[in-house]
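One structure is given below, encoded as structure tokens.
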Amino acid sequence: MSTPSAEFALNPLDVLRERFAGAISRLYAGTPGEGQDPLIAASKNPKFGDYQCNAAMALGKLVGKPPREVAEALLKAVEIGDIAEPLTGANIAGPGFINITLRADALATLLSRLDTADLGLPAPAKRERVVVDLCGVNLAKQMHVGHLRSTVIGDTIARALSRAGAEVIRQNHVGDWGLPIAMVIAALIREHGTGDPAKYLHELDQLDRAYKRAQAECKGHDELVEAVRHCGSPKLAAEWEDELKQATAAEAKLADAKRTLMALQNREPTELAVWKRIYAVTMAECLRVAAELSADVRDEHSAGESSYAEELGPVVDELLRRGVAEESQGAVVVRVEGIAEPCLIRKSDGAFLYATTDVCAIRRRVQKLGAARVVYCVDARQSLHFRQVFGAAERAGYTALPGGEKATLMHAAFGTILGEDGRPFKTRTGENVRLTALLQEAEERALAAALSRNPDLEPAEQKKVAHAVAVAAIRYTDLSTERIKDYVFSFDRMLAFEGNTGPYLLYALVRVRSIFRKAAERGVDAVKESGAALRIGEPAEKALALALLRYPQTVRDVAQTCEPHRLCAYLYELAGAFAVFFDQCPVLAAKDEGTRAARLSLCRLTERVLADGLGVLGIPLVDRM
RNA sequence: GCCCCGGUAGCUCAAUUGGAUAGAGCUUUGGUCUUCGGAACCAAAGGUUGCAGGUUCGAGUCCUGCCCGGGGUACCA
């Protein structure tokens with residue numbers, strides 16, 4: 001996420017940072033203050049100017065002079081006359097803050113640099129390769145609310161990285177292997193025989209039911225039953241007859257599942273055919289749901305657990321041989337510094353675990369795919385698991401890139417979606433809420449709300465608008481707060497359309513677009529005029545311009561930190577700045593043609609940044625709503 | 001027990017990673033508008049940032065100890 005050199009910078013922060021750094025190094029060469037960060041920041045309060053330099057306090061400490069004296073020296077030494085109003089003693093405030101106000105013409109120049117095809121985010125010469133682990137579909141299960149955050153946040157992080165110039169490889173770590181799947185396969189073969197599974201298996205709902213059935217059938221083996229069985233009392237055994245029968249049946253089913261798992265691992269045609277069918281049926285449905293949420297998760301992003309099956313044994317053996325792993329209580333573990341619980345990579349019965357797969361995944365992603373960064377967009381409850389796996393991979397040397405540099409592993413953890421009761425979000429019957437159901441209800445509500453405000457909405461457009469607003473509401477809610485925090489799911493709040501919501505941002509886009517539509521109706525050549533020179537006069541124009549200039553760095557920050565809520569907050573502020581501008585600065589009815597053209601340019605740029613930003617959030621765009 | 005995460009206005013959340021008087025939205029009250037979409041804009045009201053110490057020019061942010069809530073804690077994924 002490199003920043004452009006200040007010479008071509010469009011971000012005032014970059015320009016000011018460079019100029020003040022220059023002044024500091026000239027003034028304090030050879031002193032402890034020489035390398036002091038200029039500490040340039042956008043001012044929170046307009047009365048402190050547009051930007052501020054906060055370095056004088058730290059410098060004062062370093063060179064043993066009063067901070068205000070340092071500030072005085074700084075503002076005399078720094079050369080920013082080309083972009084800022086002249087600095088005088090009046091610009092020094094408080095303990096030594098230097099307040100800076102940009103010149104209107106400089107603002108226009110900077111804005112024109114933003115007005116390029118890439119909106120200030122040119123592709124860097126060296127594109128960093130990043131793997132984003134997202135979505136996490138499970139075979140034989142519908143996409144439900146438990147997949148929402150990984151899909152939406154992961155997709156947005158991937159988009160931000162890509163927009164900031166990274167080469168992104170999305171990886172859907174599909175849960176397509178292991179005993180649970182074997183249980184389903186075993187159950188299906190018992191129920192339908194060994195014939196072609198395509199003949200009886202058509203949709204995911206069948207599998208969803210089969211999965212639950214298989215889970216239930218294999219359960220029933222608890223410690224109480226075990227105790228009764230072993231106590232040898234005929235009386236107790238008679239009383240517990242049903243439970244014992246159930247347990248015996250469950251054990252048989254479980255044994256069947258384990259046999260099936262072995263068969264699957266040996267690529268037996270019957271089991272493999274059922275597995276393939278389950279895979280096809282599941283993915284067709286789940287990828288369609290992902291697409292409806294405008295998440296870019298496609299078949300080629302799938303890298304299921306099954307694809308690591310062949311690597312597990314050799315990796316564990318290798319780690320044992322190299323002394324990275326050790327035997328412990330019959331199992332194989334990798335001990336990780338600073339964590340009490342070791343990372344378990346082979347069970348005492350010889351089977352592998354999900355940690356084994358994840359260690360192999362790191363090896364593949366870094367050493368084969370060449371990822372300099374791997375971002376895991378996974379539930380925060382997996383935090384310990386990833387600390388263990390990252391530590392194990394590190395010890396194994398799997399985080400070393402082919403060139404020798406070390407890859408960065410990051411768990412972009414997110415909190416839980418809660419119901420109104422504060423417990424994890426479920427249906428009244430305790431089921432997981434399906435994403436299709438969620439989306440459908442959101443669309444119905446969105447349509448009703450849209451029609452109540454805009455009854456003239458063309459029937460042909462209604463479906464598109466309802467979908468865009470629903471996706472905007474759902475995604476924005478999920479993205480707009482810090483991802484580590486839990487949130488309570490509420491249709492009412494996300495579709496309230498007032499304040500900080502996805503629909504509000506769409507509304508801002510619709511309003512700016514309607515200006516151009518109106519322009520066309522009135523015969524104004526908006527395309528030509530909006531290419532006119534920018535001119536910043538009114539306070540509302542200036543505030544909008546300052547907001548626009550922050551866009552590229554905001555996207556880079558989101559890519560760096562994997563925190564989409566920063567982009568949400570930015571876009572909300574931009575939408576707010578535009579709303580004020582829209583309120584106070586007539587565009588088509590501007591007092592003269594020059595002003596109209598300049599304002600059309602500002603509108604065009606606002607439209608482009610809003611659309612681009614909404615695109616990074618994965619929110620579908622509309623012209624009307 | 002140990003580990004991780006959270007605690008900010010009545011409610012939902014921010015706070016540019018240590019900067020000025022902690023900001024938005026919702027709610028409430030009042031106001032703006034013969035004008036490009038009122039899903040708007042402006043203003044008022046609302047705070048011991050869980051508690052107590054510490055670090056320093058400066059702490060919601062960092063360090064220590066407590067309190068409350070959630071989660072995780074060796075052979076499920």
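It should be emphasised that the depicted structure is a prediction, and the values quoted were computed from it without experimental measurement. So you know, we letter chains A, B, ... as the sequences are listed, proteins then strands, and number each from 1. What you see below is based on every heavy atom in this structure, not just the backbone, and it leaves out hydrogens, waters and symmetry mates.
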Tell me what A:A579 touches on the nucleic acid: a base, only sugar-phosphate, or nothing, going by heavy atoms under 4.0 Å.
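Sugar-phosphate contact only - A:A579 comes under 4.0 Å of backbone atoms but never of a base.
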
Give one of base, sugar-phosphate or nothing for A:E563, where a contact means two heavy atoms less than 4.0 Å apart.
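Counting heavy atoms under 4.0 Å across all strands, the contact made by A:E563 includes a base.
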
Aromatic ring of A:Y507 stacked on base six-ring of B:G37, 5.5 Å, 30°
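Answer is no, no stack.
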
Are the ring of A:F582 and the base ring of B:A40 both nearer than 5.5 Å at their centres and tilted by less than 30°?
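No, the aromatic ring of A:F582 does not stack with the base.
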
Round to a whole Å and report the spacing from OH of A:Y211 to C1' of B:A77.
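Result: 8 Å.
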
I want to verify a distance call: between [options], whose nearest atom is closest to the [X] side chain?
X	options	result
A:Y504	B:A15, B:A77, B:A40	B:A40
A:R387	B:A40, B:C3, B:U16	B:C3
A:M625	B:A20, B:G37, B:A14	B:G37
A:I515	B:C3, B:A40, B:C36	B:C36

Donor-acceptor pair under 3.5 Å: do we get one between A:N99's side chain and the base of B:A20?
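Yes, a donor-acceptor pair under 3.5 Å.
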
Any donor-acceptor pair, under 3.5 Å, between the side chain of A:T501 and the base of B:A39, if you only look at N and O atoms?
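There is none.
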
Only pairs with both distances under 3.5 Å count, Watson-Crick or wobble alike; so what is the partner of [N] in this structure?
N	result
B:U73	B:G1
B:C62	B:G54
B:A43	B:U29

Thinking salt bridges, do A:R149 and A:D486 make one under a 4.0 Å N-O criterion?
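Judged by the 4.0 Å cut-off on N to carboxylate O distance, A:R149 and A:D486 do not form a salt bridge.
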
Strictly below 4.0 Å, N to O, side chains only: are A:R17 and A:D37 in salt-bridge contact?
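Between A:D37 and A:R17 there is no salt bridge, as every charged N stays at least 4.0 Å from the carboxylate O atoms.
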
Residue-phosphate contact under 4.0 Å: A:K485 side-chain N/O, B:A14 OP1/OP2
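A:K485 to B:A14 OP1/OP2: side-chain N or O found under 4.0 Å.
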
So, A:Y308 and A:D358: side-chain donor and acceptor under 3.5 Å apart, yes or no?
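The criterion, which ignores hydrogens and geometry beyond distance, is not satisfied for A:D358 and A:Y308.
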
